Amino acid sequence: MFAKETLSYRALPLPDRSEMTDAEMIAAARDFHDTMRRRHSVRDYSPRPVPREVIETAIRTAGTAPSGANHQPWHFAAISDPAMKARIRAAAEEEERHFYDGGASDEWIKALEPIGTDASKPHLTIAPWLIVVFAQRWGEFDDGTRYKNYYVPESVNIATGFLLAALHHAGLATLTHTPNPMKFLGEALGRPASEKPTMIIAVGHPSEDATVPEVAKIKKPLDQIASFFD
């Protein structure tokens with residue numbers, strides 16, 4: 001992406017400037033909140049296909065996220081191939097069985113009970129797409145020499161949030177999944193040693209009988225998640 005000779009600062013006039021009245025800003029903020037409050041983590045998927053263009057556009061949206069030094073230290077591997085999804089499911093379920101059979105503390109297992117999860121992950125093969133998020137610990141200049149990436153977890157987390165919002169905005173359901181360890185994902189998808197998998201996101205349409213845990217609808221009120229110092 002980078003050439004050493006282009007690493008210099010040059011200021012540009014702010015593009016795409018937004019001009020809104022206070023009332024318009026309030027309405028826009030409320031509209032977006034109304035959209036996002038209807039987002040749910042879904043475990044029950046329909047096999048209905050999702051056009052690749054939708055996934056591509058959502059990933060482009062994720063790519064607009066801010067990042068440390070603008071290094072954009074992320075990679076998104078989008079998978080619809082049934083055989084590869086089956087391989088990922090098998091490996092993920094093996095790791096999950098270790099987790100539920102003693103790899104996790106009793107406290108952690110207890111915390112998961114209201115969510116209703118277990119080692120079985122059928123969504124990994126039923127959902128039409130899986131997106132594996134990778135964090136890039138270092139990059140390479142055009143001459144092949146390495147450069148360090150900065151604020152990698154923060155940058156990748158912001159981009160992943162953009163991705164989830166974009167997919168929801170497109171009418172799709174998602175589920176984030178973090179098997180531990182996830183080393184098998186890099187090997188399965190042929191990613192370089194510089195990249196570390198952070199998450200699998202199942203993407204698709206919810207099934208007709210899809211459910212969500214009742215506890216998932218309980219969100220902390222504003223006074224518990226924010227402080228204001230006017």
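Values below: every heavy atom of this structure, side chains too, minus hydrogens, waters and symmetry copies. What you see is a predicted model, and the numbers here were worked out from it, not measured in a lab.
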*asked:* Tell me if the centroids of the rings in Tyr151 and His71 come within less than 6.0 Å of each other.
replied: no

*Is there a side-chain contact between Met84 and Leu189 (heavy atoms, below 4.5 Å)?*
yes

_Less than 4.5 Å apart, side chain to side chain, heavy atoms only: is that true for Tyr100 and Thr117?_
yes

*asked:* Using a 3.5 Å distance criterion without hydrogens, assess whether the side chain of Asn149 forms a donor-acceptor pair with backbone atoms of Val152.
replied: no

*Any donor-acceptor pair under 3.5 Å from Asp44 side chain to Ser207 backbone*: no

*Could you tell me whether the side chain of Gln136 reaches within less than 4.5 Å of the side chain of His75, counting heavy atoms only?*
yes

*Nearest heavy-atom pair of Pro197 and Val132: which atoms, and what distance?*
CB-CG1, 4.4 Å

_Where Ser155 and Ser67 come nearest, the two heavy atoms and their spacing_ = OG-CA, 3.3 Å

*Ile55 versus Leu167: any side-chain heavy-atom pair under 4.5 Å?*
yes

*Can you sort out the partners of Glu93 under salt bridge (Lys or Arg N to Asp or Glu O under 4.0 Å), two or more places apart, ordered by chain and number?*
Arg89

_Min side-chain heavy-atom separation Pro122-Ser120 under 4.5 Å_ = yes

*If you look at every heavy atom in Val156 and Pro73, which pair is closest and at what distance?*
CG2-O, 3.2 Å

*Using a 4.5 Å cut-off on heavy atoms from C-beta on, say whether the side chain of Ile200 contacts that of Ile131.*
no

*Any side-chain heavy atom of Arg38 sitting closer than 4.5 Å to one from Thr35?*
yes

*Hey, what do you get for CG (Leu164) to NE2 (His169), rounding to the nearest 0.5 Å?*
14.5 Å

*Indicate yes or no for a side-chain donor-acceptor contact from Arg137 to the backbone of Ala193 under 3.5 Å, with no hydrogens or angles considered.*
yes

*May I ask you to check whether Phe141 and Tyr147 place their ring centers less than 6.0 Å from one another?*
yes

*What about Val133 and Leu172, same hydrophobic cluster or not, with Ile/Leu/Val/Met/Phe/Trp/Tyr joined at side-chain heavy-atom distances under 4.5 Å?*
yes

*Please round to the nearest 0.5 Å and tell me the distance separating atom NZ of Lys219 and atom CD of Gln224.*
13.5 Å

_Tell me whether Thr178 contacts the main-chain N or O of Met199 through its side chain, where contact means a donor paired with an acceptor under 3.5 Å._
no

*Taking all non-hydrogen atoms of both residues, which atom of Ile115 and which atom of Arg43 are closest, and how far apart?*
CG2-NH2, 3.3 Å

*So Ile218 and Val215, side chain to side chain contact (heavy atoms under 4.5 Å, CB included) or not? Walk me through it.*
CA-CA 5 Å; Ile218 303 172; Val215 70; 4.2 Å; yes

*Taking all non-hydrogen atoms of both residues, which atom of Leu124 and which atom of His177 are closest, and how far apart?*
CD1-CD2, 4.1 Å

_I want to check something: taking the side chain as every heavy atom from C-beta on, are Thr174 and His168 in contact at a cut-off of under 4.5 Å?_
no

*asked:* I'd like to know if the side chain of Asn157 and the backbone of Pro153 have a donor-acceptor N/O pair within less than 3.5 Å.
replied: yes

*May I ask you to say whether Lys121 pairs ionically with Glu96, meaning some side-chain N is under 4.0 Å from a carboxylate O?*
yes

*Taking Trp129 for its side chain and Val50 for its backbone only, find out whether a donor-acceptor pair lies under 3.5 Å.*
yes

_In one Ile/Leu/Val/Met/Phe/Trp/Tyr side-chain cluster, 4.5 Å: Met182, Phe76_ = no

_Contacts of type salt bridge (Lys or Arg N to Asp or Glu O under 4.0 Å), residue Arg87, not counting sequence neighbours_ = none

_Pairing residues for Lys110 by the salt bridge (Lys or Arg N to Asp or Glu O under 4.0 Å) criterion, not counting sequence neighbours_ = Glu113

*For Asp143 and Thr145, does a side-chain donor sit closer than 3.5 Å to a side-chain acceptor?*
yes

*About how many Å separate CD of Gln72 and OG1 of Thr64, when rounded to the nearest 0.5 Å?*
9.5 Å

*So, for Gly204 and Tyr45, which heavy atoms are closest and what is the spacing to 0.1 Å?*
N-CE2, 3.6 Å

*Could you identify which residues cluster with Phe162, counting Ile, Leu, Val, Met, Phe, Trp and Tyr as linked when any side-chain heavy atoms lie under 4.5 Å apart, either directly or through a chain of such contacts?*
Ile158

*Rounded to the nearest 0.5 Å, how far apart are CD1 of Ile88 and CZ of Phe184?*
7.0 Å

*Just wondering, are more than 12 heavy atoms of other shown residues or ligands nearer than 6.0 Å to CG in Asp22?*
no

*For Phe99, all residues meeting ring pair (Phe, Tyr, Trp, His ring centres under 6.0 Å), sequence neighbours excluded*: Trp108

*Does atom CG of Asp106 have more than 12 heavy-atom neighbours, drawn from other residues, nucleotides or ligands, at distances under 6.0 Å?*
no

*Candidate pair Asp34 and Arg37, rule side chain to side chain contact (heavy atoms under 4.5 Å, CB included), full reasoning*: CA-CA 5 Å; Asp34 191 53; Arg37 72 178 179 82; 2.8 Å; yes

*Say you draw a straight line from CZ of Arg146 to CD of Glu140; how long is it, rounded to the nearest 0.5 Å?*
7.0 Å

*Quick one: list whatever passes salt bridge (Lys or Arg N to Asp or Glu O under 4.0 Å) with Arg52, sequence neighbours left out.*
Glu56

_To the closest 0.5 Å, what do you measure between CZ (Phe134) and NZ (Lys196)?_
12.0 Å

